[in-house]
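One structure follows; several queries about it will come next.
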There are 2 protein chains.
Amino acid sequence: MTDAAREDVLNRLENGDYSCAKEFTLAMFAGKWKLIILCQLNEHGAYRFNELRRLLPKVTHKVLTNQLREMTQDQLITRTVEQEKPLKVIYTITPLGQSLMPIIDAMCDWGDARLAQLQVTPHFSANEAALPGA
Amino acid sequence: MTDAAREDVLNRLENGDYSCAKEFTLAMFAGKWKLIILCQLNEHGAYRFNELRRLLPKVTHKVLTNQLREMTQDQLITRTVEQEKPLKVIYTITPLGQSLMPIIDAMCDWGDARLAQLQVTPHFSANEAALPGA
DNA sequence: CTGTATCCGTTCGGATACTG
DNA sequence: CAGTATCCGAACGGATACAG
């Protein structure tokens, strides 16, 4: 699990095993929803809990809570509680979180290129690309 | 699990949901051992199954097999069987796998910087950094 | 509105034995 | 040597109910 992996890296760090900078970075965003959350917060600046929930249709209450808690612990996002009634909790991205964006952008690019290479331009036959003008 | 995440992205692609280039990339190396395997193969060129096993002390036979199979399917590595007795199976990194290295390097850098920031220079008190010459 | 606790099916991962 | 199959305990993830 992404959780387990994160725990594992964190534990290794506590034990002085620190030969794992890349795993550490990976653990920051390897959760099933963390990339999307990060990008959304980066683009739009702030979201409340249920707004995020609506943004990520297939995420569960429990799982979203968990992802957000981990990201808060890792200081990728900030959790701000406004003590009104009803309660308001605002999530925003931190500078640390933003510092991950170049990596995430690189992942976008790689993914786009790779998917194009696989000719997964969906709903068109896989051979289309081979016979354009000719 | 990283497996599950990978399956999920793959399924989404098959269904034409392809708004997920970054998740796709993530799924390439999000497995617990894939980063290390990739780096090792990139540095040393080729390894046999049991050599990898020794390199990754805590990995299980079954899990390693699985990680290698997925990476082969994703065309990040190549599996070559030499039909001698006893059997020899060689794993090497592909150009596609190598094309991930810039991203992985960026992850190393980010992780190094972040760990330094956290003052996890292990086995030294967390305050050492604050009182050098003074 | 947010978040926690519980129950419970599903899936993961370790150990072991077996095949080619 | 390399990989598969099986068994089984552990962890995850969904649904629901409850609390602040």
Side-chain angles (χ1 to χ4, degrees), chain A residues 1-12 23 26-27 29-37 40-41 46-74 77-92, chain B residues 1-12 23 26-27 30-37 40-41 46-73 77-92:
Chain A
M1 348 255 105
T2 108
D3 269 12
R6 181 174 167 279
E7 285 307 319
D8 186 52
V9 172
L10 262 31
N11 287 334
R12 282 161 65 190
E23 275 93 352
L26 180 58
F29 54 70
K32 196 173 180 181
W33 305 97
K34 292 183 180 178
L35 275 184
I36 309 184
I37 295 174
Q40 292 289 345
L41 291 183
Y47 275 116
R48 300 177 52 180
F49 183 82
N50 274 349
E51 288 173 341
L52 284 171
R53 209 147 120 70
R54 276 186 288 275
L55 241 49
L56 282 26
K58 276 182 290 191
V59 78
T60 291
H61 191 139
K62 181 183 167 186
V63 173
L64 179 57
T65 304
N66 196 45
Q67 300 276 296
L68 290 171
R69 188 187 319 122
E70 289 185 356
M71 294 172 73
T72 304
Q73 284 170 1
D74 292 335
I77 62 176
T78 301
R79 180 175 180 273
T80 310
V81 184
E82 296 190 6
Q83 280 296 359
E84 319 172 356
K85 281 286 192 177
L87 215 57
K88 246 188 181 177
V89 179
I90 311 281
Y91 292 95
T92 51
Chain B
M1 341 254 98
T2 108
D3 268 12
R6 181 173 166 280
E7 287 304 320
D8 187 52
V9 172
L10 262 30
N11 286 335
R12 282 160 65 190
E23 275 93 350
L26 180 58
K32 196 174 180 182
W33 305 96
K34 292 183 181 178
L35 275 184
I36 309 185
I37 295 173
Q40 292 289 346
L41 291 183
Y47 275 116
R48 300 177 54 179
F49 184 81
N50 275 349
E51 288 173 341
L52 283 171
R53 209 146 121 71
R54 276 186 288 274
L55 241 47
L56 281 28
K58 276 183 291 191
V59 77
T60 291
H61 191 138
K62 181 182 167 186
V63 172
L64 179 57
T65 304
N66 196 44
Q67 301 275 299
L68 290 171
R69 189 188 315 121
E70 289 185 357
M71 294 172 74
T72 304
Q73 283 170 2
I77 62 176
T78 302
R79 179 176 181 273
T80 311
V81 184
E82 297 189 6
Q83 279 297 358
E84 320 172 355
K85 280 286 190 177
L87 216 56
K88 247 189 182 177
V89 179
I90 311 280
Y91 291 94
T92 52

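As the structure is a prediction and not an experimental result, all values here were calculated from the model. What you see below is based on every heavy atom in this structure, not just the backbone, and it leaves out hydrogens, waters and symmetry mates.
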Any Tyr91(A) side-chain nitrogen or oxygen under 4.0 Å from OP1 or OP2 of dC1(C):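 No, outside the criterion.
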
Value in whole Å for how far the P atom of dT2(C) lies from CD of Glu51(A):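 It works out to 8 Å between those atoms.
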
Which residue lies more 5' along DNA chain C, comparing Thr65(A) with Pro86(A) via nearest heavy atoms: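 Nearer the 5' end of the strand: Pro86(A).
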
Separation of dT2(C) P from Leu52(A) CG (nearest whole Å):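 Going from Leu52(A) (CG) to dT2(C) (P), I get 9 Å.
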
Interatomic distance, Asn66(B) CG vs dG14(C) P [rounded to whole Å]: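 Value for this atom pair: 11 Å.
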
Gap between atom OG1 of Thr78(A) and atom CE of Met71(A) - 0.5 Å precision: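 The OG1 atom of Thr78(A) is 10.5 Å from CE of Met71(A), to the nearest 0.5 Å.
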
Below 4.0 Å: OP1/OP2 of dA2(D) and any side-chain N or O of Asn50(B):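 Affirmative; the distance criterion is met.
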
End axis versus end axis in the helix from dC1(C)-dG20(D) to dG20(C)-dC1(D), the angle rounded to 10°, five pairs used at each terminus: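 For the helix from dC1(C)-dG20(D) to dG20(C)-dC1(D), the axes at either end differ by 40°.
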
dA2(D) phosphate, OP1 or OP2, under 4.0 Å from Arg48(B) side-chain N/O: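 Answer is yes, contact under 4.0 Å.
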
Sugar-phosphate only, base, or nothing, as touched by Arg79(B) at under 4.0 Å among non-hydrogen atoms: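 Sugar-phosphate, backbone atoms only, no base.
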
Counterpart residues, side-chain hydrogen bond (donor to acceptor under 3.5 Å, both in side chains), relative to Arg69(A) (two or more places apart):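 For Arg69(A), the residues satisfying side-chain hydrogen bond (donor to acceptor under 3.5 Å, both in side chains) (neighbours in sequence not counted) are Asn66(A).
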
Spacing of Gln67(A) atom CD relative to dC12(D) atom C1', expressed in whole Å: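 To the nearest whole Å, that distance equals 12 Å.
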
Interatomic spacing from CG in Leu26(B) to NZ in Lys32(A) - rounded to 0.5 Å: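 Separation between the atoms: 12.0 Å.
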
Reading 5' to 3' through nucleotides 14-20 of chain D, protein heavy-atom contacts under 4.0 Å coded B for base, S for sugar-phosphate only, - for none: BB----B

Side chains of Leu64(B) and Phe49(B) in contact at under 4.5 Å (non-hydrogen atoms):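 A side-chain contact exists here, since the closest heavy-atom pair is under 4.5 Å.
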
Distance in Å, Leu55(B) CG paired with Ile36(B) CD1, rounded so as to fall on 0.5 Å steps: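 If I round to the nearest 0.5 Å, the distance is 9.0 Å.
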
Pairwise distance CG(Leu68(B)) to CZ(Arg53(B)) - rounded to 0.5 angstrom: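 Interatomic distance, Leu68(B) CG to Arg53(B) CZ, rounded to 0.5 Å: 11.5 Å.
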
Heavy-atom check, side chain of Trp33(A) versus side chain of Lys58(A), under 4.5 Å: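 The answer is yes, as the side chains (C-beta and beyond) meet within the 4.5 Å cut-off.
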
Separation of dC1(D) P from Gln83(B) CD (nearest whole Å):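 The answer, rounded to whole Å, is 16 Å.
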
Separation between OH of Tyr47(A) and CD1 of Ile37(A), rounded to the nearest 0.5 Å: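 So the gap between those two atoms works out to 12.0 Å.
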
Whole-Å gap separating C1' (dT2(C)) and CG (Leu68(A)):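 One finds 11 Å between C1' of dT2(C) and CG of Leu68(A), rounded.
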
Whole angstrom value for the distance that separates C1' of dT2(C) from CD1 of Ile77(A):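 Rounded to whole Å, this separation is 14 Å.
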
Nearest-0.5 Å distance, CD of residue Glu70(A) to CD1 of residue Ile77(A):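 Taking CD in Glu70(A) and CD1 in Ile77(A), the distance rounds to 10.5 Å.
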
Rounded interatomic separation in angstrom, taking CH2 from Trp33(A) and C1' from dG13(D):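 It is 12 Å, rounded to the nearest whole Å.
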
